[in-house]
Each structure stands twice: as structure tokens, then as C-alpha cells.
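Down below is the structure, laid out as C-alpha cells.
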Amino acid sequence: MGMSSWASCAVLLYLVLLLTPSCPILFLVTALPGNYLAADASTSWTNSLSAPDSVKFDDGSFARIILLSNFSDDSVTAGCGCGFICNQTCNSHLFAIFSLSYDVYYDPDSVNISKSEGPKVVWSANPENPVSINATLQLTSEEGLALKDANGTTVWSTNIGSKSVAGLNFTDVCNLQLLDDKNATVWQSFDHPTDTLVVGQKLVAGQQLTSQGGLFSFSVTRQGFFAYINSNPPQRYLTYISENTSDIKFFKDNFTISSSGPIIAWLLLSTYFPNRYMRLGADNGHLEVYNMYWRVADNFFISRFIDSCGFPTVCGSYGICRNGQCICPEPINATSYFQLIKERQPDRGCSLITPLSCQASKNHILLELKKITYFPFTQDPPSINPDHQHINLDSCKQACLKNCSCKAAFYNSSKSLGNCYLLSQIFSLMAIDQDNTDFKVYIKVQNPIQQQTNHRKKKQVIMGSSLRSLLVIFLLIGIFALLFWKKENADEAEEYYLDHVPGMPTRYSYDDLQAITENFNKELGGGGFGTVFEGTLPNGTKVTVKRLDGFSQIKKSFLAEVETIGSIHHINLVRLIGFCAEKYHRLLVYEYMSNGSLDRWVFHKNPEMLLDWKLRKKIIIEIARGLSYLHEECRQKIVHLNIKPHNILLDENFNAKVSDFGLSKLVDHGQSQVVTNMRWTPGYMAPEWLSSMITEKVDVYSFGVVLLEILCGRRNLDHSQPEEAMHLLDLFKKNIVEDRLLDLVDKCSEDMQLHGGEVVNTMRVAAWCLQNDFTRRPSMSMVVKILEGAVNVESVLDYFFSNPSLPNMRAGVENQEVHIVAASSLFPSILSGPR
């Protein structure tokens, strides 16, 4: 039997009365059709579990309902609430829109209502920053909506700029709107999707759904739509390209991807319970369609674009998906290396029976998995960039074995040379019917058999030649005693040094850092001489902990880093919070940089990670300011010697900070030169490294290369480009001569193309920094003035740039001694700027 609109409203009001102990007039007004509230300076709501309009649901969750809307058909009444909501423990709260559904059996004489499962959040203003009890939501004409925590901190606002708000409206399709005095929409929740779409909501180009917890994302661009697992770097597991796709809209009776007409339309199998929601799954990356009871009605990805084995977490880490079933990699030569994490839950994944240990890296081996592929390589081209290009298979395997953070190596080739991918995190693998001879999969494991064999051999040698062994033991005791004595002296010297250098940061024990990092559980990546982990200090501050692995080189790198940045502070230098020097442990504690290194934002062409011109210019200036401080404002001049995008880190506001001072050298302003050993970093080394006499101008050269990479959106050496465009500096010189610098501006960014003139002017700064004659390069303080518009670029420049990526640059250079001299002392004229 049909229900009229007034009857539906009566049912919903009855529900409100049923769920709340008392129901004041204000709450009843918010439930009436229209759901409109006028903006007023005094209109605010406080988060309270004891408020009259707070509701406790059957699953234990609470909601303070500010606005309520409903929709109904012949048999079902459902609605959406808007307000504060928390789970069973109520230790954190969201300002959210949530769905409500109820079974309604209509009878002329009575209305029976039974509560269903608890509310489901379909949109939240603050999913990553929950608030506490006594937080407030305020509605004003000047600011729109503003959410403030109990301590008064603004957590979220609608950010309406100069617009004015007349009222707040909540539609019957769960859309929260701010309206002006002409009922035009100033802001609406539909324009800011989180992990869920509701009926009538669009996902337009430039927007994305992000799963709860942030592991998966689904985005729309003008080319199509894409699904990613947000690893480091993000890896794409679904690609749909269409020239016609401009938006994705979820209608009541179909799901459509359209511009002028439908490309894909999915009709409901049942119209009795209409489907209303589409959500990106937090644990599996599925895009699932739900009816109003939150029962899965369809999986949009599966069968249309990807099979069940194509999802990154379908079988957990190391698990192999075969025909929808999960198994572990099979034993090799009767030796099992993997086991199920949960015996009765194979989809939870597999673990190594013998965990990998960097201390026992000599026992690492690579197992080849036959008839296996990996989801990034089902995309064309692969959704990740190779770590090495144009190398042979053996070199790829050795690169993984030498890198402790490498967990697997993938090799793809059609000839004798190919691309090598080294991954530090393994998601689910996929079984294929036929082996691909051009694609190789290797998983790193710890070899227990080798360890046992080595142990038996040692016992046989000792027992078979006891006299000789005894002699060797005495000899070894003497050698060890001598080495121990030397090491003790060296350790004492290091301890004295660390305890007496002024302005040293906090010194932590190894146990402290184990607790801070939860036993080094969350690895962020590897670089330089060590592995980087995420940690949290006792006061709640997130930090990055770098564990250095090695011997004498690591000791030098550790001391260099502590000595260099332990006592200096600048907004554009990564701050060293503390360190650990305990026995053989060497660790450094830095401030946490949530957006990682610059290279992932410049080189990885993820549509969601493109930087606009304003942000790139800001980053460039901040790098220059950091280097200027090192060269000219410190008590001792600091030459960094390793400037590259990997060593530029970005915080949550994309403030750039120079990091990794393991190769840097201190030079007193009155000192003539310092001797150091050089280390090869392809592509960023100035040509004067060959002369073994270098200045701080090597940092200026490296800055010029990095500047050019940021503006062009590509690496200085890119083997994926045609041969004539492979070397960026050669291409830069050619385009300068032909007056075609605009062709080099990052083509993946419309905003960069829009500001092409400004970008080209900044390229001329790079040209000045890249002069072969280091005396003609500007100082970094001069570069800052140029970028800020206070000084013009030198007009007479030499455009014959040396290409630091060419192989012959390396011969006879690595590990040789070089002399660092103070350019500013020897060549004062070049600091005066252009004339």
C-alpha cells in the first residue's frame, strides 16, 4: 500500500519520538520537510551525548542529530541524519552525514517500526581529525559552517571566501547545502566526496573517493577513471580510458559514466529495494553498490574492468590469487619459505617462515616464481616507474640483494636489456596460465638451509684440524684484542665528541627508539646508508627515524649528519630532533614530513599528485633559501654535496626542506680548503668534480638541475624518452638556441602551461646555475633575490652545459679525494650579482 508524503513524514517523526527520551520543539523543526535553518551569529550546536536530540542506536553508537531528511516508497522508510556521530567507545567524534534505514509495516490502525543496524557515515567533514565532547559547530553568514574542537581550535570550515550565507539546507538525497539570499548554492557536501557517493551525486574530473583509512583511492580525470592503492609510490590497479568521460553520476536506477551520453549504464536487478549508495571499500579497494539497507547489490569493478584476482589486497601480502582462491608460494626444492598468517583464512595473506634480517643479508636469496604476475604490470604501461632501465637480469637481481629494503624484484624485457623494478612492499600476486619469458618475478627470502650448511662446515673444520684451529684461535684472539683496543679508543673518542659538541640535539637510547617506532614496525623506505621508519614521541609528535646500516662509511655519515645539522635551525632545513649512538646502533630522529620527498611529486605522473605553478615556485624558492643559509649564514659554511629531489622533503603544507647531510662538509669561513671523498650521484654532479677542487658552487649546479626537473616535470636522464630527448640538459641547450623553451614546460600540468611565460623566465635562472665555469654561477643568496624578483638574471650566459649523466663522467672519479675550497673567499666578484 502506498504512503503519502505526509504519512512518510509522520512515520519519521514517530521514529524520532520513539528513539529519544524527550523531543523539544527545535528537534522537531529540524525533522520537518525543507530542513532549512537561517544563518545567524548565535546559531551553533555543541557535541553532547546528553543533549535532548542525541540518539543511541542498537549497535552502541551515538549521534547528536542536527538535521534530518527522509525518503520512502511503498514498503520502506529511510533517511539521512546530519550531526555529530561516534562509534561504540565514543572516544572520537565526526561531524558527518549518515544514513538511517527502518523496516516499516504500514497498517491503517498502527505503525510498527523496528530499528535496523546502526547508522552508516556517507560523508564527513573531519575524517582524519576527529573532535571530542563539547566540540561546536557554528553557522554564520560570513564563514558558513565552522567546526571547532573543545579547546577552540578550528578543525574544519566550509571556506566560502567572500560569499555570504543566508541559510543551511539538508536535502532528501543527503546533500548538505549552504544557500545565499537568492537560494543559490554557495557550498554543498556533494562537491566534497569522501569514500561514498549517494543517489544524484557526481564525481567530476579532478575529484576522488578515498577509502576510510586512506589505503585506496578512485579518481576521475578528463581521460577516464583510475583506482590506486596508496603505497609509496601509489600503484594503479584499474585504468579506464575514454575520451568522452567527463563525470561519473550515480542515479537511482542506473550508474552512468557520461559526457553527452551514457558510456556504461548498469540497470538494477531489483527495483523493490532501490540502490542508493556506492562506497570504495577500506580493506579491499572494491567499488560496491548498496541498497538502502546497506546490503551489497553489485560490485562495479568486478566483471566490467577487473577480475577478483586483480585487487592489490585480495590475498594479503605474498599471497597468490588463482581462480579466486588464495595460496602461498609453493616450496622450492622441498623447502618451504612461506606460511599462511591464518590457517583458515587464506585471504589474510602469507608471511616468511624465516623473517628477513639486514644483519644476515649475506643469506638473502631470490626465489623465482613461475607463471606469476603483479597487478601494476597488468596496466599498459605499468603503473610504477622502473628503478633501473636498460640493465640485464643479473644486474637487476644483484641490485635487489644489495638493497636491504628491497623485498621483490620484477624484470621486464623484450631484448637482452630491460627494466628493473625493486619493491619494498609486496601486496597480492596473481597466477597466470602461461609463463611469460619476458617478465620475471623474484621474491627475497632468508635462506635457513645456507645458514645450517655454513654451521656444519665450521664444526667439521674445527674438529678435523684441532691443532691448527687452536693456533688460529690464539692468533685471532690477538687480532681481536688489538681491534677491540682500537675500537674502544675510537668509541671513546666518538663518545667524547658527541658529548662535547655544543648545541647537540636530544640523545636517545636504542630502547627508547624501539618504543617510539613500535619496534621499527612501519617502514617508510630506504635511502643513503639506511632504512627510514615512522615513529611517535611520548608527547604524540610524529617523527621519522633513520637507522644507519654499515660500518666505517656509516660512522662517517652519521657523524657528518649530527655535526652538520645538530645545532643549526632553519625553516627550510629538516630539523634533527635527536640521535642514538649506542654500541653498534646509529640512528637519527628527524621531524616528520608527511608528503615525503619531492621526486614522488615531480616524476610520478599520478593525476592527483600534480603540483601547480604557484606551489612549484614556492618549493623552488624555499630550496634556494635553505641552501643560501647553509652557504652564507651559518657560523661555518656547509657544502651539502648531494642536492637532488630525493633529498628535498615536503611537510603537510608542502613547505620544502633540505635533508640528508650525510655527505656534507663544514668549512670555516677563513679556511682555505677541506679534503673529502666523493661519491657518485648520476645527473647532479658539477663538471668541476673531475678537477678534484670544488666549491659550494657544486650545490648551485645541482640546484640548477633540480630546478629544471621541477619546471619540466621529468628526470634529467630519462630512458623512456626518444634518444634525442633522453638527456634533459642537451634538450635544454637545443631549445634555448631554437628559442623553444616553452616546449619543455611540464605538459602534464595545465596550470604550468597556463603560466608558461613565468616558467620560461625561471628556466633562465637554471641556465645561470648550470654554467660550466663555476665562477660564473650565482651564489644561492643571489638566486633567492632573482626568484623573489629583486634582481634580474645574468644576460650573457654560456649555454654549453656539461651532461653529468654521461657514462664517461664516472671513470676514475668515484671515491677519489677532492678538495673543497671556499668560493666566496677566492672569488668575491661573483657574489656581487649581474652587471
Side-chain angles (χ1 to χ4, degrees), residues 91-92 128-130 213-215 230-232 317 351 355-361 403-407 424-425 491 494-495 497-499 501 503-550 554-555 557-571 573-597 600 646-653 655 657-662:
N91 51 11
S92 61
E128 302 300 326
N129 195 7
L215 184 59
N230 294 319
S231 54
N232 186 15
S317 297
S351 63
L356 290 171
S357 168
C358 290
Q359 282 71 31
S361 59
N403 184 349
C404 186
S405 63
C406 175
K407 300 296 189 298
S424 60
Q425 186 177 8
D491 289 344
E494 181 182 341
E495 287 292 323
Y497 174 81
L498 293 172
D499 289 336
V501 173
M504 292 294 285
T506 304
R507 184 166 185 174
Y508 293 95
S509 70
Y510 186 72
D511 290 341
D512 290 337
L513 295 185
Q514 276 188 308
I516 287 170
T517 60
E518 296 181 0
N519 200 23
F520 305 100
N521 183 46
K522 191 169 183 180
E523 183 177 323
L524 298 178
F529 289 113
T531 309
V532 180
F533 302 89
E534 182 180 315
T536 306
L537 297 178
N539 63 4
T541 303
K542 292 182 74 172
V543 295
T544 300
V545 178
K546 182 177 182 181
R547 184 176 65 193
L548 303 176
D549 306 315
I554 297 309
K555 189 171 181 180
S557 175
F558 172 80
L559 291 175
E561 193 123 8
V562 173
E563 181 182 20
T564 303
I565 64 170
S567 59
I568 62 174
H569 302 285
H570 189 270
I571 192 172
L573 302 179
V574 172
R575 185 165 62 92
L576 180 66
I577 296 173
F579 67 96
C580 170
E582 184 178 303
K583 297 181 180 178
Y584 52 85
H585 300 299
R586 295 292 181 272
L587 301 100
L588 298 163
V589 183
Y590 303 98
E591 61 179 312
Y592 182 75
M593 305 293 283
S594 59
N595 276 315
S597 56
R600 64 182 289 227
H646 183 78
N647 290 337
I648 308 299
L649 303 183
L650 304 173
D651 66 11
E652 68 276 6
N653 298 316
N655 294 314
K657 304 192 179 191
V658 178
S659 72
D660 200 344
F661 291 79

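- Put simply, the side chain of Tyr510 reaches to within 4.5 Å of the side chain of Leu587, judged on heavy atoms.
- Residue Glu582 holds its CD atom at 14.0 Å from OH of Tyr508, rounded to the nearest 0.5 Å.
- Separating the OG1 atom in Thr544 from the CD1 atom in Ile577 is a distance of 8.0 Å, to the nearest 0.5 Å.
- His646 contributes atom NE2, which lies 12.0 Å from atom CZ of Arg600 (distance to the nearest 0.5 angstrom).
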Open item on the list: Between Ser509 and Asp511, does the side-chain hydrogen bond (donor to acceptor under 3.5 Å, both in side chains) criterion hold? Intermediate values first, please.
Closed with: CA-CA 5 Å; Ser509 70; Asp511 290 341; 5.2 Å; no
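- Using a distance-only test at 3.5 Å, with no hydrogens or angles considered, no donor-acceptor pair links the side chain of Asp651 to the main chain of Met593.
- Note that CZ of Phe579 and CG of Leu588 are 9.0 Å apart. Values are rounded to the nearest 0.5 Å.
- At least one side-chain heavy atom of Ile648 sits less than 4.5 Å from a side-chain heavy atom of Val658.
- Annotation: ring-ring contact (aromatic ring centres under 6.0 Å, His included) contacts of Phe533 (sequence neighbours excluded): Phe520.
- Residues Val574 and Tyr592 form no side-chain contact, since every pair of their non-hydrogen atoms from C-beta on lies 4.5 Å or further apart.
- Between Arg586 atom CZ and Arg547 atom CZ the span is 14.0 Å, to the nearest 0.5 Å.
- Annotation: side chain of Asn230 is not in contact with side chain of Leu215 (no heavy-atom distance under 4.5 Å).
- Formation of a donor-acceptor pair under 3.5 Å by the Arg507 side chain with backbone atoms of Cys580 is not found in this model.
- Residue Ile516 comes nearest to Val543 through the heavy atom pair CG2-CG2, 3.9 Å, listed as atom of the first residue, atom of the second, then distance.
- One N or O on the side chain of Thr517 and one on the backbone of Leu513 form a donor-acceptor pair closer than 3.5 Å.
- Across every non-hydrogen atom of Ser405 and Asn403, the tightest pair is OG-OD1, 2.8 Å.
- Atoms CD and CD, from Glu534 and Glu518 in turn, are 9.0 Å apart once rounded to the nearest 0.5 Å.
- Lys407 approaches Leu356 most closely through the heavy-atom pair CD-CD1, 3.5 Å.
- A donor-acceptor contact shorter than 3.5 Å is absent between the side chain of Asn519 and the backbone of Asn521.
- Considering all non-hydrogen atoms of both residues, Leu576 and Val589 come closest at CD1-O, 3.4 Å.
- We find that Lys657 and Glu591 are joined by a salt bridge, their nearest charged nitrogen and carboxylate oxygen being less than 4.0 Å apart.
- Counting only distance, with no hydrogens or angles, the side chain of Ser659 and the backbone of Asn647 share a donor-acceptor pair below 3.5 Å.
- Looking at Lys546 and Tyr590, their side chains come closer than 4.5 Å, going by heavy atoms from C-beta outward.
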